[in-house]
Visitor: 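Let me begin by handing over the structure; questions about it come next.
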Amino acid sequence: MTDPSSLPPAADWGQDILERLERLARHSEGGPGVTRRLATPEHRAVHGLLADWMAEAGMTVRQDAAANTCGRYEASEPGAPALMMGSHQDTVRQGGRYDGILGVVVPLACIKVLHDAGERLPFALEVVAFSDEEGLRFGTGLFGSAAVVGRPRIEDLERRDDAGVSLAQALRDFGLDPEALPSAARRPEELHGFVEVHIEQGPVLEAEGLPVGIVTDITHGANMTVTLTGVAGHAGTVPMTRRQDALAGAAEGIQAVEARCRASDRLVGTVGQIAVEPGASNVIPGACRFSVDLRSPDPALLKDAAADLEARLAEIAEARALGLDVERRYKLPGCPCSPWLMDQMEAAVVAEGIAPRRLFSGAGHDAMALREITDIAMLFVRCAGGISHNPAEAITAGDAGTAARVLLRFLRAFDPAGRAAAG
Ligand code: GLV
Ligand code: MN
Ligand code: MN
């Protein structure tokens, strides 16, 4: 065994991490940026690469029934409970090369160092590359991690992608059995906790000149699909006073989302998808469907905002004689990270000579699901300009290497007894 305090230099180690991320990013449905959806050839290719790297790091590898890639590095005493790490391997449409997958590659880099040095820890280490966090293909956010915490999204299995393929069929085509989805569940007693490394996706660390930060809480979120139904008609003949234009109603609804969220600095709202039918330049829109994504650190504020918005949409629909349907797609309950894990992460940050900065996450993460069965911590890594969900997403090799050094320090010093002590 080598000196257990030895750590690879940040710049070289980070370069290797970025090169691996670059190789993963090539598995995309097309540019700009990276588009990788659940149960696609790109997903299969990335699973293959990750499985190879897990094996190279001395881990046993399997794919669970939810298409998550799962690796385990055994403890000094085989069968011991594990500290789980990981994040997602899917992306948004035209996303970056770091969101999610960084939190898979950094832990693997740490475990490879342990394996190469013949070093075992008194607890097992597991890494999960969750199959689908973004929900791009089927609108199923946190699909992979929900299954791991024993809440398989059975109700979503009949949802269809843009090509009309159901989620159940996509899993079958991927070589998996949708009926077996519940078998992906893990038991709380198998885990000491869950740690997710993730790019910050915001500007705080860059503004403060810090490479990494420790997450305190993850935001609450609510997502709905709004459908307004009017009457399609001739663009040239129907007088303006007699129109039931679904898209004009949606435009007013979208402005209502913005206005309601601008009324508080603790609320954000986004309409990122819109579909118009029949969709011709000379036809008055007969139907319009759009998404609404609301987030807030305050669950009461989020609930009020969603209710206000639904009331406003009803007013708009009534005034324009439109039909209205609001489908409450999902709620993501936010959560705090676990203080005992944050403290241990902070010790590793300080040992690396970095000022410990604690910060809030306005983005959702797989850790939110894991929180249902175990304690969680997150390490944020500075990203250029705070830009994410964008092909321009960027981190430096130095910061990637620093994150790996912090994580490896954390793992070597990790004391599961901290949990019992925290009560
Ligand atoms: C995940 O990327 C989210 O939408 O927060
Ligand atoms: Mn994301
Ligand atoms: Mn993410």
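All ligand and atom numbering here is 1-based and tracks the order in the structure. These numbers were taken from a predicted model, which means no experiment stands behind them. Values below: all heavy atoms of this structure, side chains included; hydrogens, waters and symmetry mates excluded.
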Visitor: From the Mn ion (ligand 2) out to just under 2.8 Å, does an N/O/S atom of His88 turn up?
Guide: no
Visitor: Flag the pair Leu332 / Met368 as yes when at least one side-chain heavy-atom distance between them is below 4.5 Å, and no otherwise.
Guide: yes
Visitor: Could you tell me which N, O or S atom of Glu134 is nearest to the Mn ion (ligand 2)?
Guide: OE2
Visitor: Using a heavy-atom cut-off of under 4.0 Å, does the side chain or the backbone of His365 touch ligand 1, or both, or neither?
Guide: neither
Visitor: Would His192 and Asp375 count as having a side-chain donor-acceptor pair, cut-off 3.5 Å?
Guide: no
Visitor: Are the charged groups of Arg97 and Glu393 less than 4.0 angstrom apart, N to O?
Guide: no
Visitor: Which of the N/O/S atoms in His198 sits closest to the Mn ion (ligand 3)?
Guide: NE2
Visitor: Would you mind listing which atoms of ligand 1 come within a distance below 4.0 Å of any non-hydrogen atom of Glu134?
Guide: 1 (C), 2 (O)
Visitor: Counting backbone and side-chain atoms alike, is an N, O or S atom of Asp99 positioned under 2.8 Å from the Mn ion (ligand 3)?
Guide: yes
Visitor: Near the Mn ion (ligand 3), is there an N/O/S atom from His365 that is less than 2.8 Å away?
Guide: no
Visitor: Would you say ligand 1 has an N or O under 3.5 Å from any N or O of Asp99?
Guide: no
Visitor: Could you measure the distance from the CG atom of Leu228 to the CD atom of Glu252? Nearest 0.5 Å is fine.
Guide: 10.0 Å
Visitor: Does Glu19 pair with Arg23 as a salt bridge, N-O distance under 4.0 Å?
Guide: no
Visitor: Identify, for atom 3 (C) of ligand 1, the protein heavy atom at the shortest distance, and state residue, atom and that distance.
Guide: Arg295 NH2, 3.4 Å
Visitor: Under 4.0 Å from any heavy atom of Ala363, which atoms of ligand 1 are there?
Guide: 5 (O)
Visitor: Does Arg20 make a cation-pi contact with Trp53 (under 6.0 Å, within 45 degrees of the axis)?
Guide: yes
Visitor: Can you tell me if His389 and Asp99 form a side-chain donor-acceptor pair at under 3.5 Å?
Guide: yes
